[in-house]
Amino acid sequence: MTTHSSSALPSTTIEPTQGLAALGLKDVWAYRELLYFLVWRDVKVRYKQTVLGVLWVVLQPLVSMIIFTVLFGILLQVDSGTVPYPIFAFAGLLPWNYFSQALNRSSTSVVQSSHLITKIYFPRLVIPISAVLSSLVDSAIAFIALIVLMIGYGIVPTAGLLLLPALILLAMATALGFGLWLAALNVHYRDVGYLLPFLIQIWMYVTPVVYGSNLVPERFRFLLSLNPMTGVVEGFRWALLGTAAVQDYLSAPLLGISMAISLLALVTGAFFFRSTERTFADIV
Amino acid sequence: MIMNDIAIRIENLGKLYQIGARKKRHDTMRDALVASFRRNGTPKEDKVIWALKDVSFDVKRGEVVGIIGSNGAGKSTLLKILSHITEPTSGRALINGRVSSLLEVGTGFHAELTGRENIFLNGAIMGMKKKEIERQFDEIVAFSGVGKFIDTPVKHYSSGMSVRLGFSVAAYLEPEVLLVDEVLAVGDLAFQRKCLGRMGDVARSGRTVLFVSHTMSAVRKLCTRGVLLDEGRVTATGSIDETVNAYIARTACGFDSFVKLPAPSRESIAMGISLQFMSAERDPQASFHLDQAWYIRLDFEVFGPVEHFIASVGLRNFDMVPILTFWSEPADLGPGRYTIDFRVDVPLSSTDITFVVGLSSYERPLYYVSDLGHVRISDVASGEQPLRAKGGGLLLGRQEGKIMRTTASRNTPGSVQP
């Protein structure tokens with residue numbers, strides 16, 4: 001579709017399209033209010049009819065933290081450097097949980113919105129973007145729990161705190177990039193739904209969430225840095241807890257590569273999504 | 001191109017669907033891999049269907065056009081293409097002005113949200129700005145009649161209430177071009193009338209409306225022009241009365257006494273096979289004289305044991321007014337094919353009838369199809385237009401009464417007094 005506003009009325013041409021579609025970000029911008037309402041709906045509905053409500057947001061990483069502390073901190077004696085293991089784990093789990101939720105929700109978002117897609121037009125990109133944004137709200141609440149923990153352990157954040165927004169953006173871009181690919185593929189192949197839990201689980205173990213990058217032999221660290229989430233998770237610990245991860249264990253060029261990978265996923269994902277969305281309503 | 005007075009221009013629009021595409025919705029990658037190795041080239045002709053083919057027509061600004069046609073004629077596909085939900089396979093369409101489409105009321109309603117919250121969500125989904133919704137909020141609530149339940153979650157609403165709320169939001173859309181699917185048949189009769197009135201206001205306010213409907217009375221009332229679709233092609237255009245008459249004549253053509261029932265849209269334990277219409281002598285026939293009793297034979301299949309099973313056939317006229325419904329006795333059935341005859345022995349007036357078939361177990365629907373078949377009741381018992389007994393209602397109130405003189409009148413009007 002091409003819309004061009006001439007003097008008075010906008011006019012629309014509808015015809016078959018082929019090949020690579022334009023991103024249509026202007027369209028997404030025009031529908032920003034819908035984006036807002038979809039995020040708002042997700043957040044509002046998520047913990048309806050639960051007794052603990054929004055407490056689950058805090059409980060989930062807290063319970064994981066306890067499990068990992070017992071398993072890795074106490075039983076396996078994983079080296080967490082200068083900070084106690086529980087807070088080391090929590091600071092890693094926070095960005096990781098955000099990423100896994102955002103990836104999971106965006107990958108299934110299009111199929112779950114089939115009732116909208118078959119009934120009304122709006123820029124389809126709004127759907128996975130709203131999934132990535134709405135997961136952010138949960139993490140913001142869990143972040144409060146982390147602050148409480150940090151006060152409890154008497155840890156003062158470093159000036160690296162200022163880089164936190166950039167790290168969050170990187171996590172969002174990574175989740176959205178892979179989420180766009182998987183969401184579009186999921187419309188055609190429901191295998192994605194079965195694959196996703198394994199993908200997320202494996203991804204978690206190749207990301208230094210429950211262990212630090214320092215545990216990985218130096219010659220393999222470049223492999224670790226190909227994973228965009230390594231930079232995010234280690235960056236979070238470095239910014240909040242002052243662990244020496246980023247400078248000591250990962251070199252700047254390698255971080256650059258991981259950022260390039262998530263950017264590549266985002267751009268190709270967006271084009272792939274846009275180019276397949278023309279058949280969504282027929283297939284979903 | 002200068003097209004100042006043209007709101008919609010449709011040129012050779014076509015839409016191709018692969019048959020069975022719906023069944024393949026849970027495609028797996030394995031299937032795709034296998035298919036890619038087979039490389040049979042282009043899909044075979046019999047595996048594709050043109051839901052629309054070479055459809056061309058113009059709609060002038062301010063015109064209200066009714067799109068009519070039987071099930072599967074391509075009406076909804078056309079609306080989906082114009083709404084930009086799905087892409088055409090060929091041809092193109094030009095639309096001048098902001099477009100809103102209403103293929104369903106209450107799209108995106110969430111049961112956990114309140115009526116108020118859903119108005120905003122639904123409005124945003126339909127492309128309304130938050131400010132627009134806020135400005136018209138009170139009117140929307142007033143129109144819906146939901147009143148004090150506006151802050152109650154929609155899951156506690158009756159289905160009628162949520163449908164009314166959904167229509168009310170849509171009623172306040174302000175596009176230049178409005179595309180509407182069969183959505184007026186919602187709510188109770190009073191609300192339907194209100195919807196129709198509102199649609200009439202929209203039509204009179206100079207907006208361009210494309211209106212898909214099965215309800216001929218609504219189409220006649222609202223529209224000025226009609227487009228008749230049949231198997232994806234335009235078979236008639238013109239004034240709404242001409243088009244509606246062409247439609248009724250066309251569906252009556254041949255008066256098919258055998259109607260194959262479509263497969264169910266989802267997996268079900270029971271499905272209809274066919275409807276047959278027969279005279280009292282059991283001759284296949286699909287047009288009957290007013291005085292004639294006739295039979296409807298329903299064949300269906302049950303795939304597993306079902307309890308409290310009821311088969312039903314409903315009769316409607318082409319204004320979608322239900323005339324009567326026949327129900328079988330409840331029965332416990334095992335797998336197999338079954339048949340049941342319903343005897344129609346009601347004094348129907350001259351009318352055209354279409355059918356609804358429902359199969360259920362414990363009142364739970366197993367299979368439901370509507371707008372199928374066409375039987376004509378007339379006093380000429382052929383395909384021609386009925387001559388008499390029209391417009392007096394659904395039933396014929398025939399009496400053996402004769403006119404009797406009670407007293408002789410002394411003055412007849414106009415007569416001259418001697």
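Within every chain, numbering begins at 1; the chains are lettered A, B, ... in the order of the sequence lines, protein sequences first and strands thereafter. Computed from a prediction, not measured in an experiment: that's the story for all the values here.
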ask   = Does atom NZ of B:K60 have more than 12 heavy-atom neighbours from other groups under 6.0 Å away?
value =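 12 or below, so no.
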query = In terms of heavy-atom pairs under 4.5 Å, which option from B:V99, B:T86, B:L82 contacts chain A the most?
reply =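 Counting heavy-atom pairs under 4.5 Å, the top option is B:T86.
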query = Is the side chain of B:E87 donor-acceptor paired with the backbone N or O of A:R278 at a distance under 3.5 Å, no angle test?
reply =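 No, the answer is negative, given that no donor and acceptor are paired below the 3.5 Å cut-off.
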Find the distance between [atom1] ([X]) and [atom2] ([Y]) and round it off to the nearest 0.5 Å.
X: B:I95; Y: A:T13; atom1: CD1; atom2: OG1; value: 9.0 Å
X: B:L94; Y: A:T12; atom1: CG; atom2: OG1; value: 8.5 Å
X: B:I85; Y: A:F122; atom1: CD1; atom2: CZ; value: 9.5 Å
X: B:S83; Y: A:I120; atom1: OG; atom2: CD1; value: 8.0 Å

query = Is the A:F37 ring parallel, tilted or perpendicular to the B:F120 ring (thresholds 30°, 60°)?
reply =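 A:F37 vs B:F120 ring planes: parallel.
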Which heavy atom of [X] sits nearest to which heavy atom of [Y], and what is that distance?
X: A:W40; Y: B:L113; answer: CZ3-CD1, 4.3 Å
X: B:M128; Y: A:E33; answer: O-OE1, 4.0 Å
X: B:N96; Y: A:S11; answer: OD1-CB, 3.0 Å
X: B:P88; Y: A:I14; answer: CD-CG2, 3.8 Å
X: A:T118; Y: B:L103; answer: O-CD2, 4.5 Å

key: Heavy-atom contact with chain B under 4.5 Å, split by part of A:L35   =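 A:L35 has no heavy atom closer than 4.5 Å to chain B.
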message = With a 4.5 angstrom heavy-atom cut-off, is it the side chain or the backbone of A:K44 that approaches chain B, or both, or neither?
response =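 Looking at A:K44, just its side chain touches chain B.
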Interchain contact, [X] with chain A, by part (heavy-atom threshold 4.5 Å):
X: B:I81; answer: both
X: B:K80; answer: side chain
X: B:T107; answer: both

